[in-house]
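If you're wondering where the values come from, they're calculated on a predicted model, not measured in any experiment. So that the names make sense, note that chain A is the first sequence line, chain B the second, and so on, each numbered from 1.
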Amino acid sequence: MRNMHKSPVIMLGGLHIDLSIVLMLLVTCTICLVLGLLATRNLSVENPGKLQNFLEWAVEFVQGLISSTMDLKKGRPFLSLGLALIMFLFVGNLLGLPLGVVTDYHDAEHAKIFGKQIEPVVKELDRLHAAADPASHEEIEVGVAWWKSPTADPAVAMGLAVMIFLLSHILGITRNTKNYFKHYFEPYPFFFPINLIEQVSKLLTHGMRLFGNIFAGEVLISVILKLAALGVGGWIASVLGLIVWQGFSLFIGTIQAFIFVMLTMVYFSQMLETHDEH
Amino acid sequence: MSFVWESSVLAIIAFGILYFLLNKYAFGPLFSVMEKRRELVLQQMDEASKTREQAVSYVEEQKQALQQARQEAHNIIQQSQATSSNQVDRILEQAKAEANRLKDEAVRDIESEKNKAVEALRSELGTASVRIASKLLEKEVKADGEQEQLVDQYLKEVGGRS
């Protein structure tokens, strides 16, 4: 039984750098950027091109999202953020679907990239070697996944959630100071711990929801791929399963991008909410 | 699956850069174009409504002009009718006067011709009668002016009575 794929983490200046994350973030950003620039290359007021129309549709979609949670006048500054976020998440969520690049390592000597050791691989190999029965000559190998959705990594998903968390709290503190501090003690002062927990849970669920959905999709894809090793029946089941599950993952990726942006706007609006108007 | 916090930082940095670039080079121009289109549509709608108002006022003006023209035509017809009937009357009057005049003239002519003829006949008759009388009375009555004058006077009395 093969182990879960490891991440290609190397030490660089005392920092753990996950190379697959770097690669996938670069790919995602490049695709988003190229898409955005292509769509706005020949901007026209009177007869927009196909890509421009598509991007304008996206703009209106995000506008609808914002206006469903707050006054559009207040929410206009978040339009760019929402649009960039939904593009980034949509592209990122779908990137892991079409292919996977995995390299296998058998011993610690070769588990290197740019002259640096791939830490999890070395550790895993050590652990396996220590646990292995010296009598049996079973081959030990550790796979490293290079191509995956960046959002299928908990650190990335949580990073984005933390970014939104910080942004929303900064917004609350600077734009809505009185209400921001007051709402921790509402409806009664002893609710303070509960309100604190609420904030933390918002952060956790925001990031983990995204990570969990995308990661689960990729795990299931790799499981379905392993079905192919069970012979002809397994192979057919694998192909059929892949078709169905990839389609469903496409749907999930889109929905999760939508939900993440939607929740972002909800959190912003909660932070900007003033109770004067009620 | 390990949690590498550096990846979070990387993700935030990557997204920050992406946001900055997209906002500056893609979304900014796109939003301004969309705003421009919105303004264009508003402006065109405004223009259309203005044009419609103008058209309505033009139609109103045209209607009034038409009404006026109709009124004028009516007046002209009435006037010309009045003038023509006047003229007819006048011409008729003139014709009548002319006819009367001609008739009077003719009557006068006839009168004067008759008088002339009577005059001529009278003088003829006078001379003839004088001649006849002189022939008859050649020896008794001297052919002098006194007798002749007498005859004339008698004849005049006769003619005047007739």
Problem - Exam field: side chain B/Trp5 to backbone A/Gly159, donor-acceptor pair closer than 3.5 Å - result: no

Exercise for the section: Ignoring hydrogens and angles, tell me if any N or O in the side chain of B/Asp46 forms a donor-acceptor pair with the backbone of B/Leu42 under 3.5 Å. Expected result: no

Report which part of [X] has an atom under 4.5 Å of a heavy atom belonging to chain B: side chain, backbone, both, or neither.
X        : result
A/Met24  : neither
A/Ile21  : side chain
A/Val156 : both
A/Leu25  : side chain
A/Leu81  : both
A/Leu38  : neither

Problem - Centroid-centroid distance, A/Phe260 to A/His206, less than 6.0 Å - result: yes

Handout entry: chain A contact via B/Leu10 - which portion, at a heavy-atom distance below 4.5 Å
Key = both

Completion exercise
chain B shares the most heavy-atom pairs under 4.5 Å, among A/Val162, A/Asp18, A/Val59, with A/Val59

Exercise for the section: Please assess B/Tyr19 against A/Phe88 for the test ring pair (Phe, Tyr, Trp, His ring centres under 6.0 Å), listing each intermediate value before the final yes or no. Expected result: CA-CA 9 Å; B/Tyr19 169 71; A/Phe88 180 84; over 10 Å; no

Practice task
Working to the nearest 0.5 Å, report the span between CD of A/Gln256 and CD1 of A/Ile214.
Solution key: 5.5 Å

Completion exercise
CG of B/Leu22 to NZ of B/Lys24, rounded to nearest 0.5 Å, is 13.0 Å

Practice task
Provide the closest heavy-atom pair for B/Phe31 versus A/Ser80 in the form atom of the first, atom of the second, distance.
Solution key: CE1-OG, 3.3 Å

Problem - Best-contacting candidate, B/Leu40, B/Val41, B/Leu30, against chain A by heavy atom pairs under 4.5 angstrom - result: B/Leu30

